[in-house]
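As a basis for the values below, the full set of heavy atoms in this structure was taken, side chains included, without hydrogen atoms, waters or symmetry mates. Naming convention: chains lettered A, B, ... in sequence-line order (proteins, then strands); numbering from 1 in each chain.
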There are 2 protein chains.
Amino acid sequence: MPGRKAKGAPWWQGRFRGYGYRMTVPREAIVGVLSETSKHLSAEDIFLEVHKVYPSIGLTTIYRTLELLVQMGLVFKFDFGDKRARYELAEGPKGKRHHHHLVCIGCDTVIDYTDFIDEEIELLGQTEKGLSKKFNFKITNHLIQFYGLCKRCQNKK
Amino acid sequence: MPGRKAKGAPWWQGRFRGYGYRMTVPREAIVGVLSETSKHLSAEDIFLEVHKVYPSIGLTTIYRTLELLVQMGLVFKFDFGDKRARYELAEGPKGKRHHHHLVCIGCDTVIDYTDFIDEEIELLGQTEKGLSKKFNFKITNHLIQFYGLCKRCQNKK
DNA sequence: ATGAAAATGAAAACCATTATCAATAAAGAT
DNA sequence: ATCTTTATTGATAATGGTTTTCATTTTCAT
């Protein structure tokens, strides 16, 4: 029954333990917020959201935890052109589909797309294999973003 | 005779004029530095290089000019994980081949690769076309980066 | 329950990038 | 060549997201 609200430990706790990290209330809350949105949240966005439930958790902890999560591969960190970094939960067990981004350089709006992912993924797989061998790299991740002007910004000028 | 040191106006001057911008000594110097390296320079790197020849040119101007160049499409701006932005001349008339990046998350080393570019470019072209139509986006650019651990960093831990 | 070590929060520090503004230089007109 | 307009520049200060610091609190194996 995959969609059910489980009472047991959330799936990500094992991940923390596996890395030798402790499970804490702030970490729980932060992953919780990330897992309930499909938006690209900034550290402050997450702070504000967490703050509603746990007002005592500070922004510093948000940053520290996010860094940890990125390092664990549980979260992706993006730069979309506005100054702040954006964070997204990497695909979890019940996760949404893997997607790439379409970024408007006029208004910094970001569209997630999944439409052409399959072909991309296949090519990426081959490319990764080739690059790994040639450069002795252990590839763990990739970033694909298209930049351009959204409809609204095309008309602006 | 494409490889010759021309005495006339460098090729990029027309580009500035075309945008209604003036051609100045600092701009000349900055594009000059970028056109003579294949490294990924930070604003400060460029400042230091320019400073050797024109000690009066300030860092502010470097930033302003880079922003201009990026906006003109003459320069690409990248974020490789160390805090500073990195800049690269977009392919010019005598430019090097278009390339993508392989970024080590251990030491922030960046490798330019061109090996698998052709297949990637073709797929990207199709994807761009599809995305443009579906989302009404005017796509002007793309970013592809692979992340992982270089040989040295794999052995470290 | 207990204690060692990890994690946290408040505040200060950091530092790449931007904004300000008076002085300078580019480019067309004279 | 000089003048005039206006973009551009440089020094300085300000900005603001992110990190550091360090004393306090919390986790979790025992």
Side-chain angles (χ1 to χ4, degrees), chain A residues 9-10 12-33 40-48 50-72 74-75 77-87 108, chain B residues 9-10 12-33 40-72 75 77-87 108:
Chain A
W12 59 71
Q13 294 203 355
R15 203 76 93 84
F16 273 90
R17 296 262 159 59
Y19 276 87
Y21 298 131
R22 294 178 178 175
M23 186 52 50
T24 67
V25 171
R27 288 174 182 175
E28 186 92 38
I30 291 164
V31 181
V33 165
H40 316 103
L41 300 179
S42 67
E44 194 183 354
D45 293 336
I46 296 167
F47 168 72
L48 290 174
V50 166
H51 190 81
K52 293 179 185 170
V53 185
Y54 300 100
S56 67
I57 295 177
L59 184 55
T60 307
T61 298
I62 308 291
Y63 276 107
R64 269 190 300 233
T65 303
L66 286 171
E67 187 188 347
L68 208 66
L69 290 166
V70 168
Q71 186 214 301
M72 287 163 52
L74 228 91
V75 163
K77 180 180 183 180
F78 294 98
D79 168 26
F80 293 140
D82 56 348
K83 302 303 164 198
R84 34 198 7 117
R86 302 278 166 175
Y87 300 86
D108 290 337
Chain B
W12 58 72
Q13 295 203 353
R15 203 75 96 84
F16 273 90
R17 297 261 158 63
Y19 276 87
Y21 298 131
R22 293 179 180 174
M23 185 51 50
T24 67
V25 172
R27 288 173 182 175
E28 185 93 41
I30 291 165
V31 181
V33 166
H40 315 103
L41 302 179
S42 67
E44 193 182 356
D45 293 336
I46 296 168
F47 169 73
L48 291 174
E49 205 58 39
V50 166
H51 191 79
K52 292 179 185 168
V53 185
Y54 302 100
S56 67
I57 295 177
L59 183 55
T60 306
T61 298
I62 308 290
Y63 276 107
R64 269 190 301 233
T65 303
L66 286 171
E67 187 189 346
L68 209 65
L69 290 166
V70 168
Q71 186 213 302
M72 286 164 52
V75 163
K77 180 179 183 179
F78 294 100
D79 168 26
F80 293 141
D82 56 348
K83 302 304 165 198
R84 29 186 26 105
R86 301 278 167 173
Y87 300 86
D108 290 338

- Interface residues of residues 17-26 of chain A with DNA chain C (non-hydrogen, below 4.0 angstrom):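 A:Y21, A:R22, A:T24, A:P26 - these, ordered by number, are the residues of the stretch whose heavy atoms sit under 4.0 Å from the strand.
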- Task: For DNA chain C, find the residues of residues 51-59 of chain B with a heavy-atom distance under 4.0 Å and give them by number; none if there aren't any.
- Result: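 Residues of residues 51-59 of chain B under 4.0 Å from DNA chain C: none.
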- Query: Taking 5' to 3' order, which nucleotide of DNA chain C is first and which is last to have an atom within less than 4.0 Å of a heavy atom in chain B?
  - Reply: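 Here the contact window of chain B covers C:dA16 to C:dA27.
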Send over the distance from [X] [atom1] to [N] [atom2], rounded to a whole Å.
X: A:Q13; N: D:dT27; atom1: CD; atom2: C1'; answer: 12 Å
X: B:Y63; N: D:dT12; atom1: OH; atom2: P; answer: 17 Å
X: B:L66; N: D:dT8; atom1: CG; atom2: C1'; answer: 15 Å
X: A:D45; N: D:dG17; atom1: CG; atom2: P; answer: 11 Å

- Is the shortest heavy-atom distance from the side chain of B:R27 to the side chain of B:L68 under 4.5 Å?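 Heavy-atom side-chain distance check passes, below 4.5 Å.
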- B:T60 vs B:F47 side-chain heavy atoms within contact, under 4.5 Å: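 They are not in contact (no side-chain heavy atoms under 4.5 Å apart), so the answer is no.
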- D:dT30 - base-pair partner by Watson-Crick or wobble geometry, distances under 3.5 Å: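 For D:dT30, the partner nucleotide comes out as C:dA1, under the 3.5 Å rule.
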- Sequence-distant partners of B:D108, salt bridge (charged side-chain N to carboxylate O under 4.0 Å, His left out), two or more places apart: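 Not a single residue meets the salt bridge (charged side-chain N to carboxylate O under 4.0 Å, His left out) criterion with B:D108.
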- Taking the nucleotide of DNA chain D with the closest heavy atom to each, which residue, A:Y87 or B:T60, is nearer the 5' end?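 Final value for this comparison: B:T60.
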- Can you name the residues that form a ring pair (Phe, Tyr, Trp, His ring centres under 6.0 Å) with A:F78, not counting sequence neighbours?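 Scan of A:F78 (ring pair (Phe, Tyr, Trp, His ring centres under 6.0 Å), adjacent residues dropped) gives A:F80, A:H101.
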- Task: Write out all pairs satisfying salt bridge (charged side-chain N to carboxylate O under 4.0 Å, His left out) with one or both partners inside residues 12-24 of chain B, taking only residues at least two apart or from two chains.
- Result: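 Sorted result for residues 12-24 of chain B: empty, none.
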- Query: Under 4.0 angstrom, heavy atoms only, what part of the nucleic acid is B:R64 near: base, sugar-phosphate, or nothing?
  - Reply: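 B:R64: base contact, heavy atoms under 4.0 Å.
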- Do side-chain atoms of A:Y54 reach the backbone of A:A29 as a donor and acceptor pair under 3.5 angstrom?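 Not at all, since once roles are kept as given, no pair shorter than 3.5 Å links the two residues.
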